[in-house]
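Scroll down for the structure; my scribbles are underneath it.
Below, chains carry the letters A, B, ... as their sequence lines are ordered, and counting in each starts from 1. These numbers were taken from a predicted model, which means no experiment stands behind them.
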Amino acid sequence: MTVVADLSPELAPKLAVELGLKPSEYDHVVEILGRTPTITELYMYSLMWSEHCSYKHSRKALRMFPTEGPHVLQGPGENAGVIGVGDGWAVAFKMESHNHPSAIEPYQGAATGVGGIIRDIFTMGARPIASLDSLRFGTLDKARQRYLFEGAVAGIGGYGNCIGVPTVGGEVYFEEAYEGNCLINAMSIGLMREEDLMRAVAAGPGNLVLLIGSTTGRDGIGGASVLASQEFDERAEDKRPSVQVGDPFEEKLLIEACLELLRGDLLVALGDLGAAGLTSSASEMASRGGVGLDIDVTKVPQREPNMKPFEIMVSESQERMLAVVEPDKLDAAMAVCAKWGLRSTVIGQVTDTGRFVVREGETVVADMPAATLAHDAPIYDPAMERPAYLDEVAAFDPHTLSHPESPEALAETLLGLLASPNICSRRWIWEQYDHQVMTNTVVLPGGDAAVLRIGDTGRGEMTDRAIAVSSDCNGRYCYLDPYTGAQIALAEAARNVTCAGGEPAAITDCLNFGNPEKPEVFYTFYEAIRGLSDACKAWTIPVISGNVSFYNESFGNPIYPTPTVGLVGVLDHVDQHCTMDFKDEGDVIVLVGESYDELGGSEYLKVEHGLVTGAVPSLDLELEAAVQAAVRDGIRSGLIKSAHDCSEGGIAVALAESCIAGDIGADVHLHDELPAVSSLFGESQSRIVVTCAEDDADALVESLIAAGVPYSVIGTVGGDRLAICERLSVSLDDLRDAYEPTLEALVHGELQSEELHEG
Amino acid sequence: MARYEIFVTYKTGIFDPPGATAERALANLGHEGVESVRIGKYIQLAGDVSFEAVTEMCEKLLANPVIEDFRIETVEE
């Protein structure tokens with residue numbers, strides 16, 4: 001087979017460099033092919049061997065993660081991970097970043113991020129049932145940050161609401177470190193029967209490759225200036241990078257058509273077209289199946305005239321799926337697509353050569369071993385160097401600062417924390433999202449974790465089972481101590497799910513870091529992965545899917561290391577769930593866990609003193625597990641009426657949030673010997689505030705003693721004030737007035753965050 | 001007082017979901033021969049403002065220059 005020679009041996013290495021291939025990687029491509037690559041081949045290799053597709057800098061470190069466990073049906077390596085949740089039901093989930101597109105166009109960037117991750121879920125055969133979104137921006141006193149924040153939230157809501165997949169949770173932080181590089185991490189969760197699990201493995205030479213869904217345009221194709229200087233490039237305008245625009249209604253049709261195709265057993269394989277488009281989807285399917293593919297780009301329905309073969313192969317146009325179909329099922333499969341109003345086109349076939357051949361009509365424009373695209377990317381061992389700042393921050397002693405001591409000053413501090421953009425009510429965000437589609441959301445956004453009932457409303461198959469989901473990461477902790485900070489991200493996600501009554505089953509992660517080629521950045525990455533892996537192993541919580549996003553830099557400085565954790569937990573009985581709001585007058589408040597003198601990395605230090613420094617709270621993996629197990633037992637046995645974990649802002653904020661949510665006060669005595677600010681606002685880990693009926697208090701205490709976890713009975717629910725011993729007393733109205741309006745006021749530019757920080 | 005008409009459309013190469021949907025729906029309704037439908041915004045603006053000022057309004061608010069093109073026409077009284 002003769003391949004078109006459209007690049008001279010002199011020009012090819014220049015184009016390779018323009019496309020981001022290192023000279024050694026280019027040499028490897030030449031070695032694989034045994035000749036000068038074509039333009040199309042260079043584009044395909046450069047994208048498949050990019051960090052985004054090949055994980056060439058991170059792969060070795062990621063091997064530390066435990067990926068197997070009793071629940072796991074599908075670990076990493078597929079479009080999404082899958083766990084069994086009982087009675088033959090399975091849940092597919094994954095989180096992915098869409099940081100860089102969102103920094104350019106926040107609405108479409110966030111919307112297509114949601115669309116992309118939802119496709120990964122139904123590709124596995126699961127019906128998407130919920131999304132969570134983990135967001136990071138700079139501070140909202142800057143107009144650009146307000147624009148990004150508003151746009152991203154609207155984009156998530158717009159796409160999710162149109163497609164009918166509820167957005168049930170997530171998190172948002174505002175820190176200067178994200179000013180030049182916002183983070184948009186979208187997580188999708190899907191439900192299926194175990195037997196419907198589908199994998200994207202192409203097989204069966206002679207089978208047909210079917211492209212389903214939207215047309216292919218020049219979306220998301222990077223401009224390469226070396227090309228612009230060549231004669232084969234007629235119009236420079238066509239080479240500018242362009243933003244992807246999502247179409248949720250098309251994707252809704254794709255969901256229904258693909259699930260019907262899978263249920264009808266009409267497909268051999270199914271994959272979605274995401275990053276690197278057709279190239280990535282097709283080469284991964286082929287290499288998993290050990291087969292070859294032969295594709296003709298002229299068959300691909302194109303949105304624009306004069307598209308080059310390489311453009312068609314790497315286009316990131318949204319809402320497209322690739323399927324492999326047996327010839328005798330083709331008519332039936334195409335009929336299903338037509339029924340849903342979707343375009344479907346045969347663009348090639350599976351071969352037994354193991355080669356990925358791309359044609360433009362009669363001309364062969366690329367011909368390479370399929371597996372080399374997906375698997376032969378170089379694997380690097382980036383240099384590591386411990387950043388000097390880590391020791392400086394860890395040595396900082398918060399007691400050298402002057403702290404509020406009078407009850408009035410402490411009350412003001414509490415109100416300042418409740419109004420902090422990182423703690424205040426997220427109502428403004430989730431009010432824009434549908435969170436009750438298909439009526440299976442049992443616990444709505446605003447609590448520790450969302451709870452979703454397992455079952456298929458459409459088919460009338462409901463169960464008593466449920467899942468609880470949460471996504472978490474405190475980037476500030478990870479900046480101060482990547483190892484412990486990453487563990488705390490997992491601890492908090494697990495604690496949140498525990499507070500809802502769920503048993504943590506597995507996680508997905510979205511690892512956002514700076515440039516891995518900087519030794520100090522790679523050190524933080526490696527340490528975060530090591531910390532997360534150690535905690536995952538200790539708690540038997542495997543990692544089943546995820547994504548790495550490097551090169552997140554803000555004005556030359558890396559963002560805070562942000563290993564976002566998305567956790568799914570299982571509830572055997574949906575009725576045994578719990579919420580954070582204080583329930584009834586007279587209920588007894590118990591703190592499970594213990595408080596220490598730990599102010600490092602706290603929201604208090606940031607809000608009151610403008611500091612991000614100090615040693616992060618310590619985390620005892622065994623104690624954390626024991627506290628969570630004890631609380632889950634208390635929820636299952638019906639003793640515990642409310643549960644809320646202590647995180648940013650410490651126990652004072654946790655108590656205030658439970659008061660606000662329950663619209664009732666509390667009278668609390670903290671029996672620690674700590675300085676007032678450490679006691680109230682310190683962020684010691686492994687602490688959960690629970691309540692029970694007065695008559696159940698002895699039984700709850702006995703169960704905590706039996707479980708061997710530290711606890712203290714700290715007060716009772718009631719009244720219209722939150723009073724914490726002699727330290728402070730604030731009315732419920734004042735708590736609410738501080739907590740509720742901040743975000744909306746900031747978005748509308750009515751409040752500058754400096755004013756907040758000045759209290 | 002000056003009057004302006006502003007046309008905002010997706011840039012060439014940017015996917016236009018409403019246009020694509022209308023295109024398909026027209027074909028479904030039996031209207032043959034339609035090759036392309038692009039749907040955008042039409043804005044009427046009146047006031048004591050210069051063409052340059054309107055251009056800036058488009059760049060800052062009325063259009064999204066990342067994904068949209070705009071064209072301003074001055075309406076003769």
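Proximity to chain B (any heavy atom under 4.5 Å) is shown, for A/Q318, by neither the backbone nor the side chain. With a 4.5 angstrom heavy-atom cutoff, B/T21 touches chain A only via side-chain atoms.
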| query | Under the side chain to side chain contact (heavy atoms under 4.5 Å, CB included) criterion, do A/V245 and B/Y10 qualify, and how do the steps go? | reply | CA-CA 10 Å; A/V245 172; B/Y10 279 119; 4.0 Å; yes
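Taking B/V66, B/D16, B/N28 one by one and counting their heavy-atom pairs under 4.5 Å with chain A, the maximum is reached by B/V66.
For the atom pair NZ of B/K11 and CZ of A/R218, the computed distance is 15.0 Å after rounding to the nearest 0.5 Å. For the atom pair B/I14 CD1 and A/Q244 CD, the distance stands at 9.0 Å (nearest 0.5 Å).
Smallest separation of non-hydrogen atoms from B/P17 and A/G246: CG-O, 3.5 Å.
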